[in-house]
A.B. asks: 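The structure's right below; bear with me while I get my questions together.
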Number of protein chains: 2
Amino acid sequence: MIDVALADDHPVVRAGLRSVLESHEDIRVVAEASTAEDMLAWTGAHRADVVLLDLRFGPGRMSGAQATRLLAERGGPAVLVVTTYGSDADILAAVEAGATGYLLKDAPTDELVRAVRAAAAGQVTLGPAVQERLLGRVRTPQLALTSRELDVLRLVAAGRSNDEIARELFVSRATVKTHLAHLYDKLGVTSRTRAVAVARDRGVLPV
Amino acid sequence: MIDVALADDHPVVRAGLRSVLESHEDIRVVAEASTAEDMLAWTGAHRADVVLLDLRFGPGRMSGAQATRLLAERGGPAVLVVTTYGSDADILAAVEAGATGYLLKDAPTDELVRAVRAAAAGQVTLGPAVQERLLGRVRTPQLALTSRELDVLRLVAAGRSNDEIARELFVSRATVKTHLAHLYDKLGVTSRTRAVAVARDRGVLPV
DNA sequence: CCGCGCATCGGCCGAAAGGACGAGTCCGGC
DNA sequence: GCCGGACTCGTCCTTTCGGCCGATGCGCGG
C-alpha cells in the first residue's frame, strides 16, 4: 500500500488528485495540505511514501521547490512535483532540490498513477511534456547567465533605466551597460525590450 | 436534480470537479470534455443545466470565452467559468460573452457548489476574488487603450523597435511615436520597457 | 604561475527613443 | 453642422541607449 500526502493550494485539484489516486487499490491518500508549510509540519509528525507537491502556493508562501529541499535534507518521503507550468527554470530548480518526479497538471490520470508508483519505488519519473522540454533545452545549448546579469535583466524587465539600475545595484552606469552588452550577446538581441521578450520566451524570467 | 457538464483540459481538475460536485445529492455530472469544441458538440445533442467551462484550452484550441458566446447565442445552458487566472480582460470577456458566473480554481469547494446551484437557478455568481478584482478595476478608473495603441503595445512587448513597428503596421515612425506617447501618458510612464512592465502588471498584456 | 571568466569602471560616437510642438483626415454623436 | 476623439504624419531638440574601444582587480583551475 502506498501512502500519499497531497499539497496544493487549489481545493479542486486536491479533490481531483485524491479521486484519481484512491480509485486504485494500492494507493491511499493519508493527508491533504493547502500550503507547503502545512505539509512540512505534517510530514514531521507522520509518515508517507510519496508527497505530491505543487510548486507555487499563494504569494508570500513557501515555494514547492523550497519545501522539496527541506524534505530531502531531512531524508523525508519521495517528492513528486505536480504543477501547472513547467518552465525550464522551475523544473531544474525542483529536480535540483531533490524532487523524485515532475509532472504537469494536464497529464492524463494513468500517467499520474504510474508516476506515484514509480516515486514510491524510488524511481525518477519525468512526464513526457517535461522530458520534451528538457530535451529542447539540451538542443538549445543554453544560455548561462551570471547572477549579476540576471540582476540586471530582472530590473530591465521591471522597466528600470540603466541609471536606475546602476543606483539600485550600487554600481556605475558603465557596469550596467557592460552586463547588458553581455546579455545582448547571449540572448542574440540588440535592445532591452527584445532582451526581455526573448528571456521570457526562454523561461529565463518568471512569467 | 442539477445536470452539470464539465469542460477542462486537465484530467485531474475534471476529476476534482466531479468529485466535489457529486458528493452533493442534488448535483449530477452528466458529461466531461477536454476541449471547448467537444463541449459544444455534446451540448448540441444533449442537455445540461450548467456547463462548467475553463477559459484556456490548449494552444490552437477554441477559448472558453468563444465557446460561451456560441452557447449563449444558441440559448444553451448556463455557463459557469472556472479558470485559474482571472485577469481583468479575461473576466470581462467571459461576462460579456454571456457567462452566468466566474470562479477561480482556487475557490473553496463550498463556493463552487453554491455557484453551480446559483447558475442552475439562473443567478449570476462571481467569486469573491473576482468581485474584488472588479472592484479594484472600478477604483483604478481603468485605462481605455485604443485598438491601435494595443497593437503598438503588443509589438513593443515583443521587443520590436519603433521602426519595425511602423513597418509591421504600415504606418510611419511618427505615428508609432504618437501612439507611444499616448500610451506613456495613459500608463504613467516614460519608457517603453516600463510601459510593458506596467501593462503586464495591470493585466493589459497577456502574461 | 598564468590564464580566463566575472565584475567593475571610463570615454567616445552614432543611433534610437522620448518630448514638444503643429496639423490634416475621418467618423460618430449631440 | 459642429465637436471631439482616433489615427495619421511631420519637424526640432534632448536624453538615453547600444557599440566599441580600453582598463583594473579578483578568484579559480590547469
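Convention: sequence-line order gives letters A, B, ...; per-chain numbering from 1.
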A.B. asks: I'd like to know if B/D26 pairs up with B/R117 as an ion pair, taking the criterion as any Lys NZ or Arg NE/NH1/NH2 lying under 4.0 Å from an Asp or Glu carboxylate oxygen.
C.D. replies: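 Looking at B/D26 and B/R117, the cut-off is met.
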A.B. asks: Within this structure, what is the CD1-to-C1' distance between A/I165 and C/dA7, rounded to whole angstrom?
C.D. replies: 16 Å
A.B. asks: Can you list, by residue number, the residues of residues 168-176 of chain A that have a non-hydrogen atom closer than 4.0 angstrom to DNA chain C?
C.D. replies: A/V171, A/S172, A/A174, A/T175
A.B. asks: Rounded off to whole Å, could you give me the CD-to-P distance for the B/E164 and C/dA15 pair?
C.D. replies: 16 Å
A.B. asks: Less than 4.0 angstrom between a side-chain N/O of A/N162 and OP1 or OP2 of D/dC17, yes or no?
C.D. replies: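 Looking at the OP1 and OP2 atoms of D/dC17, one of them is under 4.0 Å from a side-chain N or O of A/N162.
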A.B. asks: Does B/D54 pair with B/K105 as a salt bridge, N-O distance under 4.0 Å?
C.D. replies: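 Yes.
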A.B. asks: Can you figure out which of D/dG18, C/dT8, C/dA17 approaches the side chain of A/H179 most closely?
C.D. replies: C/dT8
A.B. asks: Could you give me the CA-CA distance, side-chain angles and deciding distance for B/V116 and B/L80, then say whether side chain to side chain contact (heavy atoms under 4.5 Å, CB included) is met?
C.D. replies: CA-CA 7 Å; B/V116 168; B/L80 185 57; 3.9 Å; yes
A.B. asks: Show the numbers, then the answer: is there a side chain to side chain contact (heavy atoms under 4.5 Å, CB included) between A/E32 and A/V4?
C.D. replies: CA-CA 9 Å; A/E32 282 188 20; A/V4 177; over 6 Å; no
A.B. asks: Which listed nucleotide (D/dG18, C/dA17, C/dA7) is nearest to the side chain of A/R148?
C.D. replies: C/dA7
A.B. asks: Compare all side-chain heavy atoms of A/D38 with those of A/T35 and state whether any distance is below 4.5 angstrom.
C.D. replies: yes
A.B. asks: From CZ of A/R192 over to P of C/dG18, roughly how many Å is that when rounded to an integer?
C.D. replies: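 That distance rounds to 10 Å.
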A.B. asks: Starting at CZ of B/R194 and ending at P of D/dT16, how long is that distance when rounded to a whole Å?
C.D. replies: 16 Å
A.B. asks: Does any non-hydrogen side-chain atom of B/H46 lie less than 4.5 Å from one of B/V30?
C.D. replies: no
A.B. asks: Whole angstroms only, please: what is the NE2-C1' distance between A/H182 and D/dG18?
C.D. replies: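 That distance rounds to 13 Å.
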A.B. asks: In the 5'-to-3' direction, what one-character label does each nucleotide of nucleotides 19-30 of chain D receive under the scheme B = base within less than 4.0 Å of a protein heavy atom, S = sugar-phosphate only, - = no such atom?
C.D. replies: B-----------
A.B. asks: Rounded to whole Å, please give me the gap between CG in B/L145 and P in D/dG5.
C.D. replies: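 Atom CG in B/L145 sits about 16 Å away from atom P in D/dG5.
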A.B. asks: Send over the distance from B/L155 CG to C/dA17 P, rounded to a whole Å.
C.D. replies: 13 Å
A.B. asks: Looking at every heavy atom in both A/L104 and A/T84, which two are closest together, and how far apart are they?
C.D. replies: CD2-O, 3.8 Å
A.B. asks: Is the closest basic N to carboxylate O distance between B/R28 and B/D3 below 4.0 Å?
C.D. replies: yes
A.B. asks: For B/R160 and C/dA16, give me the distance from atom CZ to atom C1', rounded to whole Å.
C.D. replies: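 My rounded result for the distance is 17 Å.
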A.B. asks: Among A/H179, A/R167, A/R192, which residue satisfies the side-chain hydrogen bond (donor to acceptor under 3.5 Å, both in side chains) criterion with A/N162?
C.D. replies: A/R192
